[in-house]
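Scroll down for the structure; my scribbles are underneath it.
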There are 4 protein chains.
Amino acid sequence: MTENDPVPNSKQTTENTAAPGRRRELLATAAEVFAAHGYNATTVRRIADEAGLLAGSLYYHFDSKESMLDEILSTFLDELWAGYDTVLASGLGPRETLEALVTESFREIDRHRPAVAIYQKESRHLAARPRFAYLADSQRRFEKAWLGTLQRGVAERVFRADLDTRLTYRFVRDTVWVAASWYRPGGAHTPEEIARQYLSMVLDGIAVRD
Amino acid sequence: MTENDPVPNSKQTTENTAAPGRRRELLATAAEVFAAHGYNATTVRRIADEAGLLAGSLYYHFDSKESMLDEILSTFLDELWAGYDTVLASGLGPRETLEALVTESFREIDRHRPAVAIYQKESRHLAARPRFAYLADSQRRFEKAWLGTLQRGVAERVFRADLDTRLTYRFVRDTVWVAASWYRPGGAHTPEEIARQYLSMVLDGIAVRD
Amino acid sequence: MTENDPVPNSKQTTENTAAPGRRRELLATAAEVFAAHGYNATTVRRIADEAGLLAGSLYYHFDSKESMLDEILSTFLDELWAGYDTVLASGLGPRETLEALVTESFREIDRHRPAVAIYQKESRHLAARPRFAYLADSQRRFEKAWLGTLQRGVAERVFRADLDTRLTYRFVRDTVWVAASWYRPGGAHTPEEIARQYLSMVLDGIAVRD
Amino acid sequence: MTENDPVPNSKQTTENTAAPGRRRELLATAAEVFAAHGYNATTVRRIADEAGLLAGSLYYHFDSKESMLDEILSTFLDELWAGYDTVLASGLGPRETLEALVTESFREIDRHRPAVAIYQKESRHLAARPRFAYLADSQRRFEKAWLGTLQRGVAERVFRADLDTRLTYRFVRDTVWVAASWYRPGGAHTPEEIARQYLSMVLDGIAVRD
DNA sequence: GATGAATGAGATTTCATTCAT
DNA sequence: TATGAATGAAATCTCATTCAT
């Protein structure tokens with residue numbers, strides 16, 4: 001769980017790595033539009049309009065609409081795993097690991113909201129395509145990290161013994177990521193505040209204790 | 001909250017001359033395909049293939065691809081609200097209401113999995129179109145029911161006083177519905193079992209109590 | 001050399017075999033245009049114009065422009081090899097085999113002029129693509145048939161001993177097929193007449209004998 | 001037939017300020033790519049890649065893709081006609097003229113293989129455009145030279161009386177030029193050797209004489 | 001009820017070409 | 001001389017929809 005980024009992805013396509021200025025701008029625009037309207041429903045022309053050039057001109061920078069999506073998702077996942085790996089490598093107990101993962105996740109949502117929203121909506125069917133195989137890989141690592149933490153918590157009697165860890169994993173995973181669909185950076189809550197509230201609910205429950 | 005189906009929708013379009021059996025079959029097929037691949041990515045031809053007829057022939061049964069979607073979603077919402085309204089009309093306390101709503105929700109997922117999955121993925125951007133205004137209406141009623149229950153619970157000291165109810169509402173709402181994306185009817189868990197586990201987590205937390 | 005059509009080709013794509021009427025017409029039109037202007041330079045719209053429908057409508061009948069080309073070429077090659085195999089299986093001597101192959105070739109040009117012209121112009125670079133691998137296969141069988149006949153002729157002292165058979169094969173092969181670029185069915189010469197003239201030149205030379 | 005280059009062509013376009021070395025290199029590269037993939041299928045970017053610069057940079061050297069093609073073909077034809085005119089002006093008999101023309105042709109293929117291959121594939125449809133009218137002119141002169149030689153040969157009883165000279169002209173013309181598609185300079189045969197073999201076939205036939 | 005054929009609008013992509021630097 | 005970025009026209013292809021049979 002602490003190995004160095006074993007998730008292979010295809011981030012770098014034909015185009016050069018060196019001149020990231022324009023490229024990054026265009027990707028940010030594309031991500032915003034994909035997130036707002038869905039990948040399929042987004043036309044290349046729409047992205048181009050938003051970025052202030054003609055549709056065909058995007059093809060100077062990117063091979064295809066799909067390769068934009070690819071680069072958006074893989075860049076996000078690379079950063080996500082950098083954060084996760086730091087957490088997982090730091091030798092925390094299960095509860096602290098869970099807290100750190102949740103907090104890190106909300107921070108990623110804060111930084112990569114469009115990418116997370118796209119990931120949330122599209123990853124399931126994308127993962128089937130060879131080009132996006134890294135999504136399935138990431139999914140697997142993800143499960144290992146979260147489910148492992150829950151199971152360790154149960155084993156160490158930090159989490160309740162009667163927990164269906166698989167089910168709990170799904171609940172937790174989904175709630176965290178779906179947040180990207182309503183979260184607005186710069187809104188009422190900081191990522192850390194949201195994480196705190198969420199952890200409070202999941203760890204201690206919302207019911208008043210007798 | 002107990003009024004009779006105030007959500008207007010357009011379920012019945014022009015044609016319902018023929019045996020409603022075929023119609024229902026075709027909608028079930030369409031829902032399955034929409035859920036699996038997304039509404040936009042689903043071609044009319046794909047639905048027709050799956051149903052064993054030619055694309056053009058679907059237009060004998062339905063006005064348009066959109067009207068299939070409309071009918072799938074509105075049928076689902078009608079049933080959902082029938083269930084919810086029964087719960088909300090039965091005078092339960094906040095905790096029991098929450099339990100009943102969650103249980104009812106997982107039952108709906110069990111019965112209408114494809115519709116719920118479509119709803120989950122598409123409702124946000126559909127709600128903007130006039131034809132699907134009922135989605136926004138439903139969303140509002142939904143918020144009133146759930147958020148109201150949480151707030152009532154805090155007021156009656158059944159739920160913790162320090163709860164950010166709005167945030168909690170979002171967490172709960174999302175987790176429940178996203179379940180449609182992994183739930184498989186006839187799988188390891190009954191809807192009631194899933195509801196029980198989920199409620200246990202949300203109400204009492206996963207941490208071991210001192 | 002007498003086995004039953006061992007050249008695999010992909011003639012039948014998705015579309016049905018049963019209703020060949022419209023399909024065949026459209027292919028004939030496409031072949032004519034491909035032959036006249038080259039495959040790359042031919043637009044789908046041009047074919048559609050010539051056939052009297054809209055460009056998009058062609059896609060009801062064919063998967064792609066490429067699949068039209070594929071079907072044109074593979075249909076032609078199937079017929080060609082049916083004819084060649086009959087000749088090769090009939091136990092003729094080298095000279096008679098050569099005469100029969102040449103005659104058969106000019107007959108095929110008469111029947112499939114556009115296909116032959118396309119084959120002549122495009123086969124070299126198409127053969128590299130997996131989809132058109134059967135072109136390379138055919139090319140190999142072709143060489144075996146013609147070169148083999150020439151070599152047999154030399155061995156049996158029917159053809160001159162000092163013949164560079166490989167070079168002669170190339171000359172003969174090319175001359176025969178390039179004829180498709182100037183031949184007009186219904187013109188001054190029948191295929192058999194052309195074959196006779198050509199064979200006279202190749203077998204006996206154009207110089208007056210001393 | 002001995003006039004000095006009456007074929008007008010447009011070889012020199014606007015720019016020839018710079019070192020003609022680079023220009024020639026670029027044209028050689030372009031010719032190679034045109035010959036390998038066809039003029040239409042060749043992108044300016046491909047030529048630029050092969051030459052080690054960017055697509056836009058080619059426009060410093062040439063007006064357009066078409067002007068590269070123009071210069072390649074007209075340069076070739078100028079040299080070809082220099083050779084042919086020498087032969088035609090030297091007062092040889094029909095048989096010797098034919099031998100000299102064939103030999104000269106294979107020498108041109110050796111020197112200008114890519115240009116000949118392009119000429120072979122593209123000249124028919126290019127000749128229609130005004131800019132490439134010189135291709136049609138050349139074609140006419142070509143026919144006059146070859147057909148005239150054959151007719152003279154028949155008249156002088158050097159070639160067989162029963163020859164269909166028009167048909168023979170086509171056969172001979174095609175075979176010679178198609179050779180560009182398989183000939184590789186520096187391969188097994190010198191141009192002169194190929195010419196000898198070819199002339200042997202055409203003049204004396206491949207059949208053993210009784 | 002269903003088919004086969006077509007429409008037409010719009011999508012992605014390609015590519016020769018331009019031009020400021 | 002060359003680059004990097006963009007243009008704009010056109011190409012292939014997709015797909016919801018229509019309609020005569």
Side-chain angles (χ1 to χ4, degrees), chain A residues 15-16 18-19 21-23 26 40-48 51-68, chain B residues 15 17-19 22-23 26 39-48 51-68, chain C residues 15-16 18-19 21-23 25-26 40-48 51-68, chain D residues 15 17-19 22-23 26 40-48 51-68:
Chain A
E15 332 296 332
N16 55 345
R22 194 75 176 105
R23 195 182 179 74
L26 293 172
N40 276 303
T42 298
T43 68
V44 168
R45 215 196 125 192
R46 177 74 184 267
I47 300 171
L53 40 66
L54 292 183
S57 308
L58 281 173
Y59 289 80
Y60 176 77
H61 301 278
F62 305 97
D63 286 345
S64 64
K65 184 182 163 188
E66 197 181 76
S67 84
M68 293 187 226
Chain B
E15 29 248 335
T17 1
R22 192 87 176 96
R23 193 182 181 76
L26 294 172
Y39 172 71
N40 275 303
T42 297
T43 68
V44 170
R45 208 192 137 193
R46 176 73 185 266
I47 300 170
L53 38 67
L54 289 186
S57 309
L58 280 174
Y59 288 80
Y60 177 81
H61 301 277
F62 304 97
D63 285 347
S64 64
K65 183 184 165 188
E66 199 182 69
S67 83
M68 293 186 229
Chain C
E15 334 295 334
N16 55 346
R22 194 77 176 104
R23 196 181 179 74
E25 277 171 40
L26 294 172
N40 276 303
T42 297
T43 70
V44 168
R45 215 195 124 193
R46 177 74 185 266
I47 299 171
L53 40 67
L54 291 183
S57 307
L58 281 173
Y59 290 81
Y60 175 77
H61 301 277
F62 305 97
D63 285 346
S64 64
K65 184 183 162 189
E66 198 182 75
S67 82
M68 293 186 227
Chain D
E15 29 247 335
T17 0
R22 191 86 177 100
R23 192 182 181 78
L26 293 172
N40 276 303
T42 298
T43 69
V44 170
R45 210 192 134 192
R46 176 75 185 265
I47 300 171
L53 37 67
L54 290 185
S57 309
L58 280 173
Y59 287 79
Y60 177 82
H61 300 278
F62 304 98
D63 284 347
S64 65
K65 184 183 165 189
E66 199 181 71
S67 82
M68 292 186 229

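Protein chains get the first letters and strands the later ones, always in sequence-line order, with residue 1 at the start of each.
Comparing the local axis fitted to the first five base pairs of the helix from E/dA2-F/dT21 to E/dT21-F/dA2 with the one fitted to its last five gives a bend of 10°, rounded to 10°.
Proximity of A/Y60 to the phosphate of F/dA5: a side-chain N or O atom is located under 4.0 Å from OP1 or OP2. For the OP1/OP2 pair of E/dG4 and a distance below 4.0 Å, the side-chain nitrogens and oxygens of C/H61 include no atom meeting the criterion.
In this entry the distance linking CZ of D/F62 with C1' of E/dA16 reads 15 Å, nearest Å. We find that CG of A/L58 is positioned 14 Å from P of E/dA11, with the value rounded to whole Å. Separating the CZ atom of D/R46 from the C1' atom of E/dA16 is a distance of 17 Å, rounded to the nearest angstrom. The separation between C/L54 atom CG and F/dA11 atom C1' is 15 Å, rounded to whole Å.
Between D/Y60 atom OH and D/L53 atom CG the span is 12.5 Å, to the nearest 0.5 Å. Residue D/T43 holds its OG1 atom at 7.5 Å from NZ of D/K65, rounded to the nearest 0.5 Å.
Under the side-chain contact (heavy atoms from CB on, under 4.5 Å) criterion, A/A55 pairs with A/V44, A/R45, A/A48, sequence neighbours left out. Qualifying salt bridge (Lys or Arg N to Asp or Glu O under 4.0 Å) partners for D/E66, counting only residues two or more places apart in sequence or in other chains: D/R129, D/R131.
Residue C/L53 is in sugar-phosphate contact alone, with no base atom involved, counting any heavy-atom pair closer than 4.0 Å across all strands shown.
Summarising the geometry of A/H61 relative to A/R23, their closest heavy-atom pair is O-NH1, 2.9 Å, with the distance given to 0.1 Å. Of all non-hydrogen atoms in A/S67 and A/F62, the two that sit nearest each other are OG-CB, 3.7 Å.
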Review item, nucleotides 14-16 of chain F N/O atoms under 3.5 Å of protein N/O:
residue: F/dA16; atom: OP1; partner: B/T42; partner atom: O; Å: 3.3
residue: F/dA16; atom: OP1; partner: B/K65; partner atom: NZ; Å: 3.3
residue: F/dA16; atom: OP2; partner: B/V44; partner atom: N; Å: 2.7

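With F/dA2, E/dA2, F/dA5 as the candidates, the nucleotide lying closest to the side chain of D/R22 is F/dA2.
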